[in-house]
Amino acid sequence: MGKLGYECHVAATWIDVYREGYCFRLLPYTDREVEMARKMMRANTLTQEDYHQRFLSFEFLPSHQATLKNAMLQNAAFLPAIRLVKYWFTAHMFTNSIPEALLDELVLAVFAKHNQPLHPVEAFFRFLHLLITFPWSEAVLCVDINQILTSTQIQEMIKTVETERQEATQRWACCVVSPHDSHSVLTRMVQPAVWSRLTAVAHTTLKQALKTWLDCGNSPNLFTPAMHDFD
């Protein structure tokens, strides 16, 4: 990248590349790393818990990134939609409270339906609607955009997570399972109060968006928190 004239900053597990006012965080990996992780799982030298922990620390994200890439190739609205969602997400200061990979899963859920959105704004509105309407305290959301799980596998996965949720000593804010996160590990670090705040902000944002579409008035900016949020 340096030879091409781009400003680069290298860290232990990623590379930040700056171009035209944007910062792109690259997560380099090799096929050998992925194969070694699979062999360690089969040889029982790497536990499921350790694997998930490494997943959360962005060491084994290639499979998750591959899913995002496939979604981008299948629907041109996906990439700008996920950028729009993350812009809204960051503007309301949820970055340090909710894993970014979990946010990816929620956007994937919007595009997993048969009638996929054809415009990023439509996808953004559907994302907000999903946050507002899904019964997070009662049900488990399964995200399988590539349909690699059978109905039996999905039922077993949901049943296992529901059992773990009932036996947990602390209340879970939400449950989202996928082929890469079958035990909803991503959601266990989310505090119920943070999730409640997220859904409340989503409700307000969608209400403001609908008002803008209906009367084209001077509605508050959808991506800027109200001043009282900083009190």
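Values reported hereafter were calculated over all heavy atoms of this structure, with side chains retained and with hydrogens, waters and symmetry mates removed.
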Only pairs at least two apart or in different chains count here, so list each side chain to side chain donor-acceptor pair (under 3.5 Å) that has a residue in residues 119-133.
Glu122-Arg126

Is the shortest heavy-atom distance from the side chain of Leu103 to the side chain of Ile98 under 4.5 Å?
no

Asn146 meets the side chain to side chain donor-acceptor pair (under 3.5 Å) criterion, sequence neighbours left out, with none

ring-ring contact (aromatic ring centres under 6.0 Å, His included) against Trp136, all qualifying residues, sequence neighbours excluded
Phe134, Trp195

Does Ile145 belong to the same Ile/Leu/Val/Met/Phe/Trp/Tyr cluster as Ile154, with side-chain heavy atoms less than 4.5 Å apart forming each link?
no

Determine whether a donor-acceptor pair (N or O, by modelled atom type, separation under 3.5 Å) exists between the side chain of Ser182 and the backbone of Pro179.
no

Is it the case that Thr205 and Trp88 place a side-chain donor and acceptor less than 3.5 Å from each other?
yes

Is there a side chain to side chain donor-acceptor pair (under 3.5 Å) between Thr163 and Thr160? Walk through the geometry before answering.
CA-CA 5 Å; Thr163 302; Thr160 299; over 6 Å; no

Examine distances only and state if a side-chain atom of Thr187 and a backbone atom of Cys174 form a donor-acceptor pair shorter than 3.5 Å.
yes

For salt bridge (charged side-chain N to carboxylate O under 4.0 Å, His left out), just list the numbers for Lys159 and Glu164, CA-CA rounded to whole Å, side-chain angles, deciding distance to a tenth of an Å, and then say yes or no.
CA-CA 9 Å; Lys159 183 178 179 181; Glu164 294 176 356; over 6 Å; no

Nearest 0.5 Å, what's the OG1-CE distance between Thr67 and Met72?
12.5 Å

Are Val107 and Leu73 co-members of a hydrophobic cluster defined by side-chain heavy atoms under 4.5 Å apart?
yes

Tell me, do His203 and Thr199 make a side-chain contact under 4.5 Å, heavy atoms counted?
no

